[in-house]
Amino acid sequence: MSNKQMKRILVTGACGQIGSELTLALRERYGGANVVATGHRTPPGPELRDSGPFEFINVARRETLDEVIAKHDIDTIYHMAAILSAVGEEKPHLCWDVNMNGLYNVLEAARDHDLVRVFCPSSIAAFGPETPRYDTPQETVLRPRTMYGVTKVAGELLCDYYVRRFNVDVRGVRYPGIISAETLPGGGTTDYAVAIYYEAVEHGRYTCFVREDTVLPMMYMPDALKATLDLMDADFGSLVHHSDFNLAAMSFSAGELAAEIRKHVPGFVCEYQPDFRQAIADSWPRSIDDSAARQEWGWEPAYDLAAMTTDMLDRLQKRHAAGQLYQQPCDC
Ligand code: AKB
């Protein structure tokens, strides 16, 4: 496998929580015109809309992907389009269609168009209740209970198959819950860890849909972007794993998160009313061993709970003061 340069990039799910910030980071690095944002809805904000090309695609329909790859002479794909865990339980057929057929189409397109490199993320949702709960190892039991998790395990296996069988350079990480201040997440179980900040700033109170003692692995967006870009920069020859890297930054309970926010927002009240997402959260690990990522491509996170909370609240409070706390959500 060669380490050819990435020059013309396509991002699927470019209006989503990670896709939107990843697209801007890639445009900063490679130039706006060289990074094509794609999705099935118009980009919500001017930043994404005006900084480079946008194309409508439906990843589950191969021809829509092929057209854009040919039109823009694409050599690299960041495949961020996915249905997440909570919506995946409400709409399991849609979850299978978008996550599995979408991934298959991206991998087949990569093979047919001889793409240089593809990023296909997995998630801690690949794990299940039989997986060791603490310091979950890289190689472990993968028996998820959600449709989203099923598609992530199958997806990891499919990506590795394309690496071995067809020499496609596919890479990916098992993202923990991602916390960010720009685009709201949509349809995940870890969404409470983002919503709590917005509600703390706007109302000084939040009703959380998981129990106070629920501990999950989490990461701040700047670290998630760094991990994504660093793995894609890594020398292929130094990688033992490809599309299933464990990735960790911090783990905390919902109660600890509320207590950290209270240090900045005195009087902040958090109540707990667990719903169906509690069972999903309970099936996932509490902490992750990411030593393979550290060894193979030098992964190291920068943000802990305290640093993330200071930065999140600073950004959200400034937007709130300007009357722009909520940016228009888009789940493309
Ligand atoms: C979700 O909660 O579904 C996602 C994930 C952990 O992959 N944030």
Side-chain angles (χ1 to χ4, degrees), residues 1 12-13 16 18-19 22 59-60 76-85 88-89 92 95-111 115 117-132 135-178 188-190 216-217 219 224 227-228 230-232 234 236 238-248 280 283-285 288-297 299:
M1 194 85 55
T12 72
I18 304 178
L22 179 63
V59 289
T76 303
I77 297 181
Y78 289 76
H79 178 43
M80 311 309 289
I83 300 292
L84 301 185
S85 57
E89 287 314 281
C95 184
W96 178 268
D97 187 34
V98 172
N99 295 8
M100 286 319 303
N101 294 329
L103 176 61
Y104 180 73
N105 287 338
V106 166
L107 293 173
E108 274 294 287
R111 186 164 80 92
L115 300 192
R117 203 160 298 157
V118 183
F119 182 82
C120 297
S122 184
S123 156
I124 54 164
F127 304 120
E130 289 104 7
T131 306
D135 277 332
T136 300
Q138 177 68 44
E139 316 298 345
T140 189
V141 182
L142 299 174
R143 297 185 64 83
R145 294 283 170 87
T146 60
M147 178 56 95
Y148 176 61
V150 168
T151 66
K152 286 300 165 190
V153 175
E156 287 181 4
L157 294 172
L158 193 62
C159 289
D160 280 348
Y161 181 82
Y162 272 71
V163 174
R164 281 196 314 275
R165 179 75 170 77
F166 300 122
N167 268 350
V168 180
D169 182 345
V170 191
R171 307 171 185 204
V173 293
R174 291 172 175 152
Y175 284 128
I178 304 298
T189 300
T190 58
L216 285 174
M219 180 176 287
T228 307
D230 285 357
L231 174 56
M232 287 294 267
F236 187 85
S238 62
L239 300 180
V240 179
H241 299 84
H242 297 103
S243 47
D244 60 356
F245 281 100
N246 275 5
L247 197 64
I280 302 176
S283 75
W284 291 348
I288 303 287
D289 172 3
D290 60 359
S291 44
R294 288 172 185 263
Q295 280 157 21
E296 289 177 43
W297 47 279
W299 162 244

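Just so you know, these numbers use all the heavy atoms, side chains as well, and skip hydrogens, waters and symmetry mates.
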* Asked: Roughly how far, to the nearest 0.5 Å, is the OG1 atom of T228 from the CD1 atom of I18?
  -> 7.0 Å

* Asked: In Å and rounded to the nearest 0.5 Å, what is the CG to OG1 distance from L216 to T189?
  -> 8.0 Å

* Shortest non-hydrogen contact between M80 and Y175, atoms and distance -> CE-OH, 3.7 Å

* To do: To the nearest 0.5 angstrom, please state how far the OH atom of Y161 sits from the NE2 atom of H242.
  => 16.0 Å

* Heavy-atom closest contact (T151 atom, C95 atom, distance) -> CG2-O, 4.1 Å

* Structure fact -> Here the pair of heavy atoms bringing G177 nearest to T190 is CA-OG1, 3.4 Å

* Closest contact, heavy atoms only, I83 versus Y148 -> O-CD1, 3.0 Å

* Answer yes or no: is there a side-chain heavy-atom contact under 4.5 Å between F119 and H79? => no

* Asked: Just wondering, more than 12 heavy atoms not from W297 lying within 6.0 Å of its CH2?
  -> yes

* Structure fact -> Tested for side-chain contact (heavy atoms from CB on, under 4.5 Å) against F127, the lone hit among V141, L142, V153 is L142

* To do: Examine W299 together with F245 and report whether their ring centres are nearer than 6.0 Å.
  => no

* Do T146 and S85 have a side chain donor and acceptor closer than 3.5 Å? -> no

* Asked: Judged by atom type as modelled, is there a donor-acceptor pair below 3.5 Å linking the side chain of N246 to the main-chain atoms of P137?
  -> yes

* Carefully, step by step, assess T76 and M232 under the rule side-chain contact (heavy atoms from CB on, under 4.5 Å). => CA-CA 10 Å; T76 303; M232 287 294 267; 3.9 Å; yes

* Structure fact -> One should read off an interatomic distance between L247 CG and D289 CG, to the nearest 0.5 angstrom, of 11.5 Å

* Check the side chains of E108 and Y162 for a donor-acceptor pair under 3.5 angstrom, ignoring hydrogens and angles. => yes

* Asked: Side chains of E156 and H241: do they bring a donor and an acceptor to under 3.5 Å?
  -> no

* To do: Please check if atom CZ in R294 has more than 12 non-hydrogen atoms from other residues, nucleotides or ligands closer than 6.0 Å.
  => yes

* Side chain to side chain, L115 and V168, heavy atoms closer than 4.5 Å -> no

* **Cationic N near anionic O, under 4.0 Å, R145 to E130** => yes

* To do: Provide the closest heavy-atom pair for L239 versus A234 in the form atom of the first, atom of the second, distance.
  => CD2-CB, 4.1 Å

* Any side-chain heavy atom of Y78 sitting closer than 4.5 Å to one from V118? -> no

* Indicate yes or no for a side-chain donor-acceptor contact from D290 to the backbone of A248 under 3.5 Å, with no hydrogens or angles considered. => yes

* Are the side chains of T140 and P132 in touch, meaning some heavy atoms are under 4.5 Å apart? -> yes

* Between D160 and S243, is any side-chain donor less than 3.5 angstrom from a side-chain acceptor? -> yes

* Asked: Looking only at heavy atoms, which two atoms of R117 and D169 are closest? And how far apart?
  -> NE-OD2, 3.1 Å

* Rounded distance [0.5 Å steps], SG in C120 versus CG in L107 -> 5.0 Å

* **Residue pair I280 / E89, side-chain heavy-atom distance below 4.5 Å** => yes

* To do: Given side-chain contact (heavy atoms from CB on, under 4.5 Å), test T136 with W284 step by step and report yes or no.
  => CA-CA 10 Å; T136 300; W284 291 348; over 6 Å; no

* Would you confirm whether K152, through its side chain, and P121, through its main-chain N or O, come within 3.5 Å as a donor-acceptor pair? => yes

* Calculate, to the nearest 0.5 Å, the distance between atoms CD and CD1 belonging to Q138 and I288 respectively. => 9.5 Å

